[in-house]
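Encoded as structure tokens, the structure appears first; notes follow it.
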Amino acid sequence: MMQRATLLRLIGWLVAVAAVGVAWWLPRPAWAALWKELSTSTTFYQFVAVGFLAQLIDGLLGMGYGVITAMSLTTLGMSPAAVSASIHTAEMFTSGTAGYHHYRFGNVNRRLFKAIIIPGVLGAAGGAFVLAYAGGQSPGGWVRPVVAVYLLLLGLRILSKAFQAQGARRAKVRHVGWLAAAGGFLDSFGGGGWGPLVTSTLIARGRTPQYVIGTVSLTEFFITFASSLTFVSLIGVSHWPVVLGLIVGGVLAAPLAARLVGLIPVRWMLVGVGTMVIVWSLWRLHVLFT
């Protein structure tokens, strides 16, 4: 069993490696241009607010960061690969902060964490690799509507469970490796989907929302690290004022969300998760068919 201190040191080490890697990858002239952009443009501050809201919702419900930030980034005319790379670079830092605080407040199920981390990381790296070599455009358009419809039905099911009598049944951790791999792949390949797919499926199976959300949020750090590493090595990252704004806002919101998640009644957590899943699926369907 991974000890708390070991896990937290691993997260800290990976965040430090990511920060050093970003500093090394970005050339000196780009740092000057970045500082000028931050000091003269409102873009950075706008995305601080976007990052704060996105991480607050994601930390409370185990999903939402991808859809909120993607909706904001698409207004800039960025390609799907650039959107996904920007989201995952920012989320690498925000999810690391969120995972630390979820673990600190006791929201993590260690058995579930160990069951989903390796398949999730492999799926995320694979999704980023496929998207990067697809020329920045996501192939396999039939996958997205199928997933969106599946999540729409799952969201309705979760909402119905919220208004049923709450029993003490706790589902065992079984056969979640394929779910984690699919969630990781979809997250990189489609610019988001780890939280909606994995969180909603586990909650619909009867697991306690508090521990699902905390565990999925902690694992998300390693998912986004794998995605970001693949994206940066293959296509790089642009739009740094946006990325830094998302990082600052998300880091500020993460501890607040992790603290609140254990205080919300299970019924209202189910209502929030179900509603967020339905919103996510309807947004994806709208994007696909317009």
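Rounded to the nearest 0.5 Å, atoms CZ (Arg157) and CD1 (Ile203) are 12.0 Å apart. Between the CG atom of Leu159 and the CG atom of Leu154 there is a distance of 10.5 Å, given to the nearest 0.5 Å. Between atom CG of residue Leu197 and atom CG of residue Leu151 there is a gap of 5.5 Å, rounded to the nearest 0.5 Å. Ile223 CD1 to Phe185 CZ: the interatomic distance, rounded to the nearest 0.5 Å, is 13.5 Å. Atom CD1 in Ile278 sits 6.0 Å away from atom CG in Leu152 (nearest 0.5 Å). Rounding to the nearest 0.5 angstrom, the gap separating the CZ atom in Phe93 from the CG atom in Leu246 is 12.0 Å.
Judged purely by atom type and a 3.5 angstrom limit, Asn107 has no side-chain atom pairing as donor or acceptor with the backbone of Ile213. Distance alone, capped at 3.5 Å, places no donor-acceptor pair between the Trp178 side chain and the Pro119 backbone. Side chain of Thr275 to main chain of Gly272: no donor-acceptor pair is present (N/O by atom type, distance under 3.5 Å, no hydrogens or angles). Side chain of Thr224 to backbone of Phe221: a donor-acceptor contact under 3.5 angstrom is found. A donor-acceptor contact shorter than 3.5 Å is absent between the side chain of Thr215 and the backbone of Leu112.
Closest approach of Phe113 to Thr219, counting heavy atoms only: CD1-OG1, 3.4 Å. Considering every non-hydrogen atom in both Ala258 and His101, the closest pair reads CB-CB, 3.6 Å. Among all heavy-atom pairs drawn from Gly62 and Thr199, the shortest one is O-OG1, 3.2 Å. The minimum heavy-atom distance between Thr97 and Ala254, with the atom names listed, is CG2-CB, 3.7 Å. The nearest pair of heavy atoms linking Val243 to Ala90 is O-CB, 3.8 Å. The shortest heavy-atom contact between Pro209 and Leu270 is CG-CD2, 3.8 Å.
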request  = Walk me through it: do Phe222 and Ile116 pass the test side-chain contact (heavy atoms from CB on, under 4.5 Å)?
outcome  = CA-CA 11 Å; Phe222 298 93; Ile116 65 177; over 6 Å; no
inquiry  = Between Ile264 and Met269, is the side-chain contact (heavy atoms from CB on, under 4.5 Å) condition met? List the steps.
reply    = CA-CA 7 Å; Ile264 301 175; Met269 291 183 71; 3.6 Å; yes
ask   = Passes side-chain contact (heavy atoms from CB on, under 4.5 Å), Val212 versus Val273? Steps please.
value = CA-CA 11 Å; Val212 169; Val273 170; over 6 Å; no
ask   = Step by step, would you call Leu202 with Leu179 a side-chain contact (heavy atoms from CB on, under 4.5 Å)?
value = CA-CA 9 Å; Leu202 290 173; Leu179 173 65; 4.1 Å; yes
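Note on Val279 and Ile87: separate hydrophobic clusters, where clusters join Ile, Leu, Val, Met, Phe, Trp and Tyr whose side-chain heavy atoms are under 4.5 Å apart, directly or indirectly. When the side chains of ILVMFWY residues are joined at heavy-atom separations under 4.5 Å, either directly or via intervening members, Leu252 and Leu60 end up in a single hydrophobic cluster.
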Distance-only donor-acceptor pairs under 3.5 Å for side chains of residues 52-59, two or more places apart:
unit_1	atom_1	unit_2	atom_2	d
Gln55	OE1	Thr94	OG1	3.4
Asp58	OD2	Gly64	N	3.4
Asp58	OD2	Tyr65	N	3.2

